[in-house]
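Please read the structure below before turning to the comments.
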Amino acid sequence: MKKIANSWKILKYLFWLGPMLAIAGLSAGVVSGVWQPVPLALIIAGAVIIGLWFVLQNYLRSQTSTPLRDRTRSAEAGTNALTATVSVLVILGLVNFLAVRNPVRIDLTENQQFTLAPQTQTILENLNQPVKVWIFDRTQNPETKALLDRYRQQASGNFMYEFVDPQLQPGVAEQFGIRDFGEIYLEANDRRQSVPVEGLEPLTEAKLTNSIEQIFSDRTPKVYFLQGHGERPLGEGQGGLQEAIASLEDKNFIVEPLNLAEATEVPEDADAIAIAGPRQELFEGEVEALTAYLNNGGSLFLMIDPDTDPGLDSLLEEWGVKLDDRVAIDATGSGRLVGLGPTVPIVREYGDHPITRDFGNNISIYPSARPVETRPVEGVTESPLIWTDPQSWAEANLVEGRLEFDPQADRQGPLSLGVALTRSVAETDTSETPEATETENPETPEAAATETPESETADEGETSETEETPEEAKLVVLGNSQFATNGWFDQQLNRDVFINSITWLSTDQETLSIGVKPATSRRILMTPPLSRFLQLMAIFIFPLVAFAIAGFLWWRRR
């Protein structure tokens, strides 16, 4: 009888092993999406253990001399336990089924590492044609798969992907001209386009979103970088723009140098002109060519460093912009935490503009920057882009060693380091043509009555259409160019400021750059004594306390 009783106690614990294995198998299958071999083996093992438990339970009952009443109660208890177990399994199955059909993801990371950028969400929500990503590799990179799953969930049916092993499916690989493992192609609208990836690195959101944007685009914007006045070189090396140029080319931009000393005017195919860090003054004819380009609806990106005079005051004056000769000083001390000095402002405040609208409180860095001042000008719409901290100031004297705010010569922050401006071409032409000014803006009712009959009887439909879509000239002025140079370009949001500015100037797209979301380091720096103390706590003290509590509870219940 004692042996049977002991066996009965063992079977009680053995029973719970079965449901645990079955639940583990179901969970593994639902999460991974693969039911063989491990999840299926766990489910079968759990079912076998539960079945054996019922068989042995009936056998042991038949060997005992338990009264009928007790056996009935025992049978009822077993039936209740079985019903409860089956109910739990059914509930878990339904919960998992609903979770698979209606997945909900909550990103609790500080920098939203697993949340798609707003630009990507806008593109995916506006997809009106199916898009498919082909990944040619022997294995499924988990990071790439997780990213593609987020895209598919956001696109609601218009986004698909497929992993293809070129060795197992050589026909498909031959159709795409695959030569190496890790190549990725995008297919949409009867077009195929390679996604730029390096080797077997996981796919990134920036590259995939830019590729989707490009495959639906019918034009390739062209950007010219002015050269010949000591501007930043377009190649490698310290102070160069090689990283910035490569990022523009990845977004399907055509980038070429421009020397206005050799050309009398800006090329007609220019979507935007960038002037990055000129050290010498531009010739008068070059300034006139740039002014005429803007007056005809062009776009200009000026990145002007302190202690330089590119000779663009007359052009900037028409737009109400003035470059301060002082240097922005960051007095918050936050730069010292990352090894930066006070002449490197760390920016966290941005304007409500397509270039900076989605930046939040993330930071961008501008080593040795000058403030940008603006004044109201009729017909010009200005939007501040970048603001320094209120504790910053504009320093007029950097010769003396110690930096102190001088109310007589310095200017208290916050300081604007960048501004975006627009002006309609019609208004620009009006300011240059006296006759047009007198006709379109008459000072007296009599002058208004002298308008020609043709202007009075113009087609109302054509007039309204012109008013709705006027051609605009665009200008972005930043008091710094070093932020976009090699080494600084990939720091925080510097890339986004540069790419977004070029994109806004050269295209009408609202979906702009997507920067990398760096994982915040939360390491704890401990001294050697503190490290040894924590080791002793984990290895000896905590276990001894647990054993002492267990012994006390055993003694009380004994």
Side-chain angles (χ1 to χ4, degrees), residues 30-34 99-127 129-166 172-173 176 178 180-189 191-217 246-247 250-252 358-360 362 490 492-493 495-496 499-500 509 511-520:
V30 171
V31 172
S32 64
V34 179
V100 171
R101 289 296 184 91
N102 304 281
V104 176
R105 296 173 57 91
I106 302 177
D107 190 355
L108 300 178
T109 58
E110 180 179 2
N111 292 334
Q112 298 295 289
Q113 292 287 317
F114 307 104
T115 301
L116 296 177
Q119 301 95 322
T120 300
Q121 295 181 24
T122 300
I123 289 179
L124 295 177
E125 290 172 357
N126 294 329
L127 280 180
Q129 296 182 16
V131 177
K132 186 171 184 178
V133 180
W134 298 82
I135 306 96
F136 294 90
D137 205 349
R138 288 172 294 185
T139 59
Q140 296 185 9
N141 187 294
E143 296 183 27
T144 298
K145 188 177 185 303
L147 177 65
L148 294 172
D149 286 336
R150 293 198 291 272
Y151 272 70
R152 183 170 59 182
Q153 181 181 0
Q154 186 71 38
S156 301
N158 277 332
F159 184 88
M160 300 163 286
Y161 69 88
E162 182 177 348
F163 284 87
V164 177
D165 188 341
V172 179
F176 286 83
I178 301 301
D180 299 313
F181 291 106
E183 292 189 36
I184 300 176
Y185 274 83
L186 193 65
E187 191 173 37
N189 198 19
R191 298 172 60 183
R192 288 178 181 173
Q193 177 177 306
S194 174
V195 180
V197 291
E198 298 180 2
L200 299 177
E201 292 185 358
L203 182 63
T204 63
E205 179 183 354
K207 292 182 178 180
L208 181 54
T209 298
N210 289 334
S211 297
I212 295 175
E213 187 179 8
Q214 292 169 17
I215 201 169
F216 287 108
S217 177
S247 295
D250 287 342
K251 283 185 64 65
N252 205 33
D358 298 320
F359 285 2
N362 295 313
D490 283 326
Q492 303 298 324
L493 290 178
R495 170 193 296 268
D496 299 73
I499 298 294
N500 287 5
Q509 303 174 29
T511 50
L512 305 172
S513 174
I514 300 172
V516 179
K517 299 176 182 178
T520 305

Problem - Pair Y161, T144: side-chain N/O donor-acceptor within cut-off below 3.5 Å - result: no

Hey, are the side chains of [X] and [Y] touching, using non-hydrogen atoms and a 4.5 Å cut-off?
{"X": "L208", "Y": "L148", "answer": "yes"}
{"X": "L203", "Y": "I135", "answer": "no"}
{"X": "V131", "Y": "L186", "answer": "yes"}
{"X": "V133", "Y": "F159", "answer": "yes"}
{"X": "M160", "Y": "R152", "answer": "no"}
{"X": "W134", "Y": "V195", "answer": "no"}

Problem - Centroid-centroid distance, F176 to F136, less than 6.0 Å - result: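 That pair passes the under 6.0 Å test.
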
Exercise for the section: State whether D490 and R495 are salt-bridged, where the test is any N-O pair (Lys NZ or Arg NE/NH1/NH2 against Asp/Glu carboxylate O) under 4.0 Å. Expected result: yes

Practice task
Output, in order, the C-alpha distance, side-chain angles, deciding distance and verdict of salt bridge (charged side-chain N to carboxylate O under 4.0 Å, His left out) for E187 and R192.
Solution key: CA-CA 5 Å; E187 191 173 37; R192 288 178 181 173; 3.1 Å; yes

Nearest non-hydrogen partners of [X] and [Y], listed with the distance:
{"X": "T139", "Y": "F163", "value": "O-CD2, 4.2 Å"}
{"X": "Y151", "Y": "I212", "value": "CE2-CD1, 4.1 Å"}
{"X": "P130", "Y": "A188", "value": "O-CB, 3.7 Å"}

Handout entry: Side-chain donor or acceptor of Q121 paired with backbone N/O of L116 under 3.5 Å
Key = yes

Exercise for the section: Would you confirm whether N158, through its side chain, and A155, through its main-chain N or O, come within 3.5 Å as a donor-acceptor pair? Expected result: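 No.
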
Problem - L147 CG to E205 CD distance, which is reported to the nearest 0.5 Å - result: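 One finds 6.5 Å between CG of L147 and CD of E205.
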
Practice task
Can you measure from CG (D137) to CD (Q140) and round to the nearest 0.5 angstrom?
Solution key: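 D137 CG to Q140 CD: 9.5 Å, rounded to 0.5 Å.
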
